[in-house]
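Being a predicted model, the structure only gives us computed values, none of them experimental.
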Protein chains: 2
Amino acid sequence: MANIKDIAKMANVSITTVSRVLNNHPYVSQKKREAVWQAMKESNYQKNLNAVHLSTGKTHLIGVVLPFSNHPYFGLLLEGIAEEAVKNNYKLVLFQTNYEETREIEALDMLKHKQIDALIVCSRICSWSTINDYAGYGPIVFCEDTQEQPFSATFVDHYKSFQTALHYLADKGHKKIGYCIGRNSGANSTNRALAYKDFLTKRKLPFHPEYIFEQCLHLEDGENVVSKITNMKEPPTALLVTSDQVAAGIAASSLANKISIPQEIAIIGFDNQPISKVMGITTMEIPLVEIGRNLFSQSVQSHISYKEMDVTLIERSTV
Amino acid sequence: MANIKDIAKMANVSITTVSRVLNNHPYVSQKKREAVWQAMKESNYQKNLNAVHLSTGKTHLIGVVLPFSNHPYFGLLLEGIAEEAVKNNYKLVLFQTNYEETREIEALDMLKHKQIDALIVCSRICSWSTINDYAGYGPIVFCEDTQEQPFSATFVDHYKSFQTALHYLADKGHKKIGYCIGRNSGANSTNRALAYKDFLTKRKLPFHPEYIFEQCLHLEDGENVVSKITNMKEPPTALLVTSDQVAAGIAASSLANKISIPQEIAIIGFDNQPISKVMGITTMEIPLVEIGRNLFSQSVQSHISYKEMDVTLIERSTV
DNA sequence: CTGTTAGCGCATTCAC
DNA sequence: GTGAATGCGCTAACAG
């Protein structure tokens with residue numbers, strides 16, 4: 001495989017000149033420029049990116065941290081990130097963490113040691129104090145409201161959207177409303193819990209701890225929720241489900257258990273995934289692909305920015 | 001950030017010795033080894049992988065080519081690949097092709113130019129003759145029967161599994177059986193088409209071209225199938241659906257259109273995705289995660305190997 | 001066992 | 001406009 005030296009020899013110029021045309025610098029005569037192009041064509045030259053990386057300290061690689069790659073939520077996010085990466089000639093390095101802190105730190109370390117240019121954290125597990133140790137090594141962008149933290153972010157206002165959905169349900173006459181959430185830690189979960197409490201207070205509704213269902217991440221988790229509900233003396237009449245996957249699971253399981261939706265239980269999902277459309281689930285649309293695209297853009301910028309995306313209620317037939 | 005030279009200085013040894021302990025070479029006295037460790041600890045040393053890559057010509061990066069990252073089929077495959085990559089301290093570089101040939105060639109070119117060590121092609125679009133041009137630049141592994149091609153592969157026998165499912169349906173009394181397929185090109189599709197024809201011949205059943213539904217990749221595509229079927233004078237009584245996603249879409253759409261399953265139409269999906277379990281869809285289980293794991297292993301081996309995985313019929317309630 | 005030295009392929013001063 | 005020279009951080013003969 002030809003290298004820059006070979007090209008220089010073939011084109012009868014110096015290595016520097018080759019490097020200049022390679023990087024589109026001005027101040028190269030048209031004649032030499034063409035000679036270099038010719039030589040590159042003939043020898044099917046291609047830069048050795050490893051050398052470029054070592055020399056420049058840049059890798060054109062962006063790390064993406066996510067818990068699982070096989071979850072539609074992250075799939076959509078990744079789709080948006082990947083789309084933009086292709087456009088900008090960046091490649092993505094995947095860090096599948098399974099929510100293990102060490103995995104996330106591995107990614108952070110790669111940033112620290114210049115193995116990637118920036119890091120996109122789709123779902124954070126490390127504390128801010130840990131992450132702050134890595135500020136300055138390169139952009140780290142998040143998919144949550146980073147508040148005062150010195151990191152870019154693209155996010156939705158989970159407090160607001162949760163309230164919107166909750167009041168929508170209440171306006172339809174529901175008084176016993178519960179919700180399903182993925183993790184009980186995490187900023188997003190905290191915000192939603194707060195929104196829930198504030199809603200209850202405002203509407204003067206009692207707080208039922210058993211109306212909160214945790215560990216609702218995957219389709220299968222919906223079954224669990226349904227089985228818990230069927231065993232309740234006073235089950236909720238409506239459920240806010242923070243993932244369309246789980247909402248779909250609940251819908252399917254309800255069907256199997258002859259529980260009618262929305263008569264016996266109303267459901268609002270989140271994300272507006274294809275599955276919610278197919279199954280007619282009312283949902284809060286989160287523009288995940290667009291968020292992904294924006295996350296990528298922020299990761300290749302040196303300044304910090306915050307971008308809030310809107311959530312839209314999509315009415316279908318489960319409320 | 002300290003480099004190998006600094007460490008050498010601190011530990012009072014040569015660069016080579018540092019490199020040796022770095023790479024666990026023998027022939028280093030315990031004393032010096034410990035001195036180096038000490039220095040590394042003190043300075044929080046970390047290798048610059050770009051330098052390692054340039055020097056060794058290896059990147060510890062494996063490329064993964066797939067059409068979409070947000071499809072559960074590829075999500076599961078990716079899950080298996082990622083799992084094994086983490087174990088072996090490799091990182092994954094994603095190539096989302098959207099089935100565009102140029103994207104796949106980009107990946108191939110990265111292999112050629114040593115930017116990645118190997119390539120895993122989850123779904124091929126390029127012709128074998130194109131791909132053969134890249135043989136020798138590094139391992140390329142496929143998720144399909146590579147036949148005489150000089151590339152490793154992990155795959156399932158689509159001919160066989162299609163036949164199994166088809167005869168299962170026929171044994172249940174079905175005579176009008178159709179199938180839904182993703183792409184009409186691709187080796188897997190060809191094999192299934194062949195299996196279908198052979199089955200028809202063997203059972204002396206007529207061939208209805210309208211019983212073949214193409215472009216069935218996503219959940220939403222199921223709607224289409226159902227609407228086509230409802231407009232047929234003589235609709236099929238059973239459907240083989242090469243993706244659980246589409247099968248789920250068909251099930252949901254049937255429900256919405258008051259078509260009862262399996263009474264009016266029987267369905268067999270493929271993959272055994274969570275959704276098929278939740279919706280009680282009979283399916284042909286393909287061990288995607290395991291295939292992913294094996295694909296990774298093959299990608300870091302220098303010899304060529306072929307591994308066929310078994311497909312298992314999982315009976316649920318749609319037949 | 002240990003150190004010296006020569007690359008790996010490219011970007012980038014700096015001088016002409 | 002152009003090129004010689006230096007360095008990025010590490011590996012791997014080779015010599016001792």
Measure from CG on A:Asn12 to P on D:dA4 and round the result to the nearest Å.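 That distance rounds to 11 Å.
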Rounded to whole Å, how long is the line connecting atom NZ of A:Lys58 with atom P of D:dC8?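 Taking NZ of A:Lys58 and P of D:dC8, I get 17 Å after rounding.
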C:dT4 phosphate, OP1 or OP2: any side-chain N/O from B:Ser14 under 4.0 angstrom?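 Checking B:Ser14 against C:dT4: no side-chain N or O falls below 4.0 Å of OP1 or OP2.
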Report yes if at least one side-chain N or O of B:Lys32 is closer than 4.0 Å to OP1 or OP2 of C:dG3; otherwise report no.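 Affirmative; the distance criterion is met.
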N/O donor-acceptor pair under 3.5 Å between B:Asn48 side chain and B:Asn50 backbone: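 A pair under 3.5 Å: yes.
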Taking the basic N atoms (NZ, or NE/NH1/NH2) and the acidic carboxylate oxygens, is any pair closer than 4.0 Å for B:Glu144 and B:Arg124?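 Salt bridge flag = yes for B:Arg124 with B:Glu144.
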Salt-bridge test for A:Glu106 and A:Arg103: reply yes if a basic N is under 4.0 Å from a carboxylate O, no otherwise.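 Salt bridge present between A:Glu106 and A:Arg103.
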Determine whether A:Leu92 and B:Phe95 make a side-chain contact, defined as any pair of heavy atoms from C-beta on separated by less than 4.5 Å.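 A side-chain contact under 4.5 Å is absent here.
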Give the B/S/- string for nucleotides 8-16 of chain C, one per nucleotide from 5' to 3', where a protein heavy atom under 4.0 Å of the base yields B, of only the sugar-phosphate yields S, and otherwise -. BBBBB----
My understanding is that only one of A:Leu76, A:Asn70, A:Leu77, A:Leu78 makes a side chain to side chain contact (heavy atoms under 4.5 Å, CB included) with A:Phe74; could you say which?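 Result for side chain to side chain contact (heavy atoms under 4.5 Å, CB included) with A:Phe74: A:Leu77.
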Is a side-chain donor-acceptor pair under 3.5 Å present for B:Glu34 with B:Gln30?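 A donor-acceptor contact under 3.5 Å links the two side chains.
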